[in-house]
Protein chains: 2
Amino acid sequence: MRIVVLAGGIGGARFLRGLKAAAPDADITVIGNTGDDIHLFGLKVCPDLDTVMYTLGGGINEEQGWGRADETFRVKEELAAYGVGPEWFGLGDRDFATHIVRTQMLAAGFPLSAVTEALCARWQPGVRLLPMSDDRIETHVAIEEDGEQRAVHFQEYWVRLRASVDARAVVPVGAEQAKPAPGVLEALGEADVILFPPSNPVVSVGTILAVPGIREAIADAGVPVIGLSPIVGDAPVRGMADKVLAAVGVESTAAAVARHYGSGLLDGWLVDSVDAGAVAEVEAAGIRCRAVPLMMTDLDATAAMAREALALAEEVRA
Amino acid sequence: MRIVVLAGGIGGARFLRGLKAAAPDADITVIGNTGDDIHLFGLKVCPDLDTVMYTLGGGINEEQGWGRADETFRVKEELAAYGVGPEWFGLGDRDFATHIVRTQMLAAGFPLSAVTEALCARWQPGVRLLPMSDDRIETHVAIEEDGEQRAVHFQEYWVRLRASVDARAVVPVGAEQAKPAPGVLEALGEADVILFPPSNPVVSVGTILAVPGIREAIADAGVPVIGLSPIVGDAPVRGMADKVLAAVGVESTAAAVARHYGSGLLDGWLVDSVDAGAVAEVEAAGIRCRAVPLMMTDLDATAAMAREALALAEEVRA
């Protein structure tokens, strides 16, 4: 079975770990969000790709969900001693090495997809990890801060500001001119199932869908497209998805997110058991829906979620 | 008193510490060797400039003589885990930050001299540290390895090979087209004394002299030019200077090094007490010479050497 997963960072990575456990023989391709990529200290940092790579490769800081296990921050402390920031972005020493290798390969002319493959040769994530695009796309968020309207990089909004101010707009800068990375459309065309994990529908999955050609390839794939709600009981399971959902005019409910994706894209949708009341609303929108436990508390619970998603795909297919 | 010092790495840096103690009110400009600069992991590394900066700024690993105190090597270990080397070059985590800041500023368009000034704003070395040139110069060494003639970067010769094979030629690649960095010729023109510390006469001081205009500015300065022998008892005090001296056809003796610089450049030369027998030979070459203790065993001994050099300068001037 060929499964394609559109993944953001922590939520996507954890779901993928469950999916691998649930479908150990599946051929899994991950289309990773690169809209949260940022250039820091002259280095190209790809937080979502790295979170997937480290999580599946056994190098992740489990508690935190991002960054490397057993991490230190010597380089960052020294950069701060030079007065060089930003200090709000937590780049650890082990993590720095990844960005140094990536930046060096990009400077040598390799596209991000080839660089990602090279990095994964070390981590052996057990999936094929593709960036959504080799072109530079950076999600910016329009905010009002101290009475001034301005646009900040998504990481600044998310990490420095912790989404504490309203997002007026979320723009994946560069997406319109971008092309899907090599292998992305092919993987979608050959997929048996396409999954949207409980990742942020705006700044993770939404950014991937903003790359011209990807949304169309999913809609045209002719295979079940199944999503898992990142909203449980009207609040994001983790992160601050409600802030960016508001910016695109979507309520923070499991049903509203399903309608946001729409029946043109989504065939099935899993909501948490506490949102069982939303099933009818989602089905009324033409999307098959089931209520099941959606908290990724451990690997078993996550694998069970993946199995439910695959079961719903079979139900859709039948 | 305005003193200009041509400095390599460890020997130059330690001498400078003694000079600052010996002449606390002097206005000291250091022209630093950049021929040992190397690009590693996409970063610009300037070992000699950094050794001077860290030593005078209190950040040096005292035992080792280079690199940062209390250093760790997490980034390097991770790079090695990616299969990215070279492993033979010891870049520590704290040190990495310096190279990241430097590389970022160079990429932003600042010349190396401005970058060095910015880095020194943190370290406050108490001297004005100028790279010999803002242009890229890299010392390469022609060797025979496994029966093949090839040229290696100086760092590869020095650090990887530990000068274990004969150097057939030492070439400061790029020097001919280089210009002295802003301030270098001005400092030489305004100097009261010019000093050659006990640095490597070929790959440290020699490389600085290879930048067109610097040798002439020293010869034309009309002020005492005093050197201290890096060779004591026919052997280098530290490092493997004999290997590169042989490549330029100079014997590893205190007198031969003085003659190599020549009376056209050098007015005075200090040899170690054990080389008192060389004084007559040096003076016969038209260079005033004194035999004094030249082992930089501690700050007092080093300050005493600096005082001897300044005393010899006064003697030459009188």
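Only a predicted model underlies this, so the values are computations on that prediction, with no experimental measurement involved.
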Within 6.0 angstrom of A:Glu176 CD, more than 12 heavy atoms from elsewhere: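 Result for CD/A:Glu176: open.
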
Flag if over 12 foreign heavy atoms under 6.0 Å of CD, B:Gln149: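 Atom CD in B:Gln149 is packed in, count exceeds 12.
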
Close side-chain approach of A:Phe96 to B:Ile100, heavy-atom, < 4.5 Å: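 Side chain of A:Phe96 against side chain of B:Ile100, heavy atoms only: contact under 4.5 Å found.
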
Any B:Phe41 side-chain heavy atom under 4.5 Å of A:Thr103 side chain: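 B:Phe41 vs A:Thr103: side chains apart.
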
Go through the atoms of [X] and report whether side chain, backbone, both or neither lie under 4.5 Å from a heavy atom of chain A.
X        : value
B:Ala81  : both
B:Gln104 : side chain
B:Thr72  : both
B:Val84  : side chain

CZ on A:Arg74 to CD on B:Glu71, rounded to 0.5 Å: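 The CD atom of B:Glu71 sits 6.0 Å away from the CZ atom of A:Arg74.
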
Atom of B:Leu79, atom of A:Ala97 and distance for their closest heavy-atom approach: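 Minimum heavy-atom contact is CD2-O, 3.7 Å.
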
Ion pair check, B:Lys76 and A:Asp93, cut-off under 4.0 Å: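 No, no charged N to carboxylate O under 4.0 Å.
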
Charged N-O contact under 4.0 Å between B:Glu77 and A:Arg94: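 Judged by the 4.0 Å cut-off on N to carboxylate O distance, B:Glu77 and A:Arg94 do not form a salt bridge.
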
